[in-house]
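First comes the structure, then the notes that go with it.
Position 1 is the first residue of the sequence; numbering continues from there. The figures here come from the full heavy-atom set of this structure, side chains too, leaving out hydrogens, waters and symmetry mates. None of these values were measured; they are calculated from a predicted model.
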Amino acid sequence: MFTIFAMMTEQPNNPLHGKTLEMVLNALVTHYGWPELGERIRINCFISDPSIKSSLKFLRKTEWARKKVEDLYIGTPSLYLNI
């Protein structure tokens with residue numbers, strides 16, 4: 001029990017803690033829109049007929065692309081802070 005509690009509380013300053021990839025992607029799409037998101041992160045699933053479903057499928061398989069999405073989310077504090 002202690003281990004589970006420690007794992008849940010050990011990342012209080014991590015903006016990704018408790019967020020799913022889908023939540024992060026939806027926040028980015030809402031904030032930037034697909035066209036700008038495709039400019040900021042040049043991957044086809046954001047440029048050619050973009051959708052949440054196809055993007056999630058690609059991002060879950062592709063570590064470097066997921067890292068870019070997470071980095072953009074972290075680099076946009078207005079998405080996770082009350083600014």
The complete set of ring pair (Phe, Tyr, Trp, His ring centres under 6.0 Å) pairs with one or both residues in residues 42-69, sequence neighbours excluded, reads W34-F46
How long is the gap from CD on E70 to CD on E63, to the nearest 0.5 Å?
7.0 Å
Set of residues satisfying side-chain hydrogen bond (donor to acceptor under 3.5 Å, both in side chains) with respect to S54, sequence neighbours excluded:
S51
Tell me, please, which residues at least two apart from K67 pass salt bridge (charged side-chain N to carboxylate O under 4.0 Å, His left out).
D71
Does E36 have any salt bridge (charged side-chain N to carboxylate O under 4.0 Å, His left out) partners at least two apart in sequence or in another chain, and if so, which?
R40
Residue pair S55 / C45: nearest heavy atoms and the distance that separates them
OG-O, 3.3 Å
Co-membership, hydrophobic cluster, residues L16 and Y80, 4.5 Å side-chain
yes
Within the supplied structure, the quantity of interest is the number of heavy atoms (other residues, nucleotides, ligands) at a distance under 6.0 Å from K19 NZ; does it exceed 12?
yes
Give, for atom CZ of R60 and atom OG1 of T62, the distance between the pair rounded to the nearest 0.5 Å.
12.0 Å
Could you pull out all residues at least two apart from Y32 that satisfy side-chain hydrogen bond (donor to acceptor under 3.5 Å, both in side chains)?
T76
Side chain proximity check, L79 to T30, heavy atoms < 4.5 angstrom
no
Cluster check I47, I52: I/L/V/M/F/W/Y, side chain < 4.5 angstrom:
no
Looking only at heavy atoms, what is the nearest atom pair of A27 and Y73, with distance?
CB-CE1, 4.0 Å
Kindly compute the distance separating CZ (R66) from CD1 (I41), expressed to the nearest 0.5 Å.
13.0 Å
Roughly how far apart are L59 CG and L21 CG, rounded to 0.5 Å?
5.5 Å
Set of residues satisfying side chain to side chain contact (heavy atoms under 4.5 Å, CB included) with respect to T20, sequence neighbours excluded
E22, M23
